[in-house]
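Letters A, B, ... are given to chains in the order of the sequence lines, protein chains preceding strands, and every chain is numbered from 1.
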Amino acid sequence: ETGVTQTPRHLVMGMTNKKSLKCEQHLGHNAMYWYKQSAKKPLELMFVYNFKEQTENNSVPSRFSPECPNSSHLFLHLHTLQPEDSALYLCASSQDKGVGNTIYFGEGSWLTVV
Amino acid sequence: GNSVTQMEGPVTLSEEAFLTINCTYTATGYPSLFWYVQYPGEGLQLLLKATKADDKGSNKGFEATYRKETTSFHLEKGSVQVSDSAVYFCALVVGGYNKLIFGAGTRLAVHP
């Protein structure tokens, strides 16, 4: 139990589908993140939210749409994805600022786009 | 810019062997340094961290020392077990911005 829970753990979707990934943190943190881990690239930061406000969008295509309704929940809405978007999507949380604050990760959602 | 370089894997060891995974970094300012571990089919778990020069992080028999003079944070363990088989990621955070910058990861395989 890491304190960061992601659902679903596995998702298969077609290129025309719309689906969402959900993340919930139980650690009282103020910052939440989406990372992408694919087989052929290093871990990539996608989005950062601090106190529900998006503070980082790392040039992510608009077919990925994040939503942060409160400091404990984070969603990643998916639509018209491509097969190359198949990857492990990791949610994380931390205190927002401060030297050396640890970032805690969930177990990830494995996404396959067919 | 800020970056992390790790030794390429895979690293294959026999049980009870000594492990070193090299990590060097480039950073503007004074980073905090981390090692994360990813077991098969799972997300990332924090293994250890160090927030200033000469600090030593340690956990589960693993150690790493923040060396500012060599900009390194090498991971070591004196005696590895089969259960240590995983991918290990070195990472840094600079300043007050909690944006982890990861190395490419090093896969470790320990056999009996």
Side-chain angles (χ1 to χ4, degrees), chain A residues 1-10 21 23-25 27 29-51 54-59 71 87-111, chain B residues 1-10 23 25-57 59 64 66 73 86-107:
Chain A
E1 176 58 48
T2 65
V4 180
T5 304
Q6 291 188 241
T7 55
R9 293 294 313 277
H10 299 271
L21 305 181
C23 177
E24 182 175 2
Q25 60 94 2
L27 301 169
H29 290 159
N30 301 313
M32 296 189 77
Y33 312 78
W34 281 114
Y35 280 83
K36 176 182 178 182
Q37 185 179 29
S38 51
K40 300 180 180 178
K41 291 185 178 181
L43 276 152
E44 301 173 76
L45 177 65
M46 299 175 72
F47 301 103
V48 180
Y49 278 82
N50 284 285
F51 293 96
Q54 188 181 119
T55 55
E56 181 89 13
N57 177 338
N58 199 22
S59 302
S71 292
L88 177 66
Y89 289 85
L90 291 162
C91 176
S93 72
S94 73
Q95 294 299 336
D96 60 328
K97 296 281 178 66
V99 175
N101 281 337
T102 298
I103 296 176
Y104 295 89
F105 286 83
E107 294 195 330
S109 293
W110 290 93
L111 173 66
Chain B
N2 302 313
S3 65
V4 176
T5 302
Q6 289 181 237
M7 62 187 289
E8 286 193 25
C23 171
Y25 67 89
T26 301
T28 53
Y30 302 98
S32 296
L33 302 173
F34 303 81
W35 277 101
Y36 281 84
V37 58
Q38 186 176 34
Y39 298 103
E42 298 185 11
L44 272 70
Q45 301 176 24
L46 177 68
L47 182 59
L48 52 85
K49 71 176 186 181
T51 58
K52 62 182 187 297
D54 300 324
D55 270 2
K56 177 187 283 188
N59 186 27
Y66 189 139
F73 193 54
V87 180
Y88 292 81
F89 293 90
C90 186
L92 66 82
V93 167
V94 176
Y97 300 94
N98 279 331
K99 293 165 53 177
L100 273 170
I101 297 170
F102 284 94
T106 302
R107 183 175 300 278

For this session: Search all heavy atoms of A/P42 against all heavy atoms of B/G103 and return the closest pair with its distance.
Result: CB-O, 4.5 Å

For this session: Compare every heavy atom of B/E42 with every heavy atom of A/L88, then report the nearest pair and how far apart it is.
Result: CD2-O, 4.3 Å

For this session: Could you check B/K99 against A/N58 for side chain to side chain contact (heavy atoms under 4.5 Å, CB included), going step by step and ending with a plain yes or no?
Result: CA-CA 11 Å; B/K99 293 165 53 177; A/N58 199 22; over 6 Å; no

Problem set entry | Residue B/E8 excluded, over 12 heavy atoms near CD under 6.0 Å | no

Exercise. So, for B/K49 and A/T102, which heavy atoms are closest and what is the spacing to 0.1 Å?
Worked result: NZ-OG1, 2.8 Å

Exercise. For A/Q37, is it the side chain, the backbone, both or neither that has a heavy atom under 4.5 Å from a heavy atom of chain B?
Worked result: side chain

Exercise. Which atoms of A/E44 come close to chain B, meaning under 4.5 Å heavy atom to heavy atom: side chain ones, backbone ones, both, or neither?
Worked result: neither

Exercise. Can B/F34 and A/I103 be said to form a side chain to side chain contact (heavy atoms under 4.5 Å, CB included), step by step?
Worked result: CA-CA 10 Å; B/F34 303 81; A/I103 296 176; over 6 Å; no

Exercise. Within a strict 4.5 Å, meaning less than it, do heavy atoms of the B/L44 and A/L43 side chains meet?
Worked result: yes

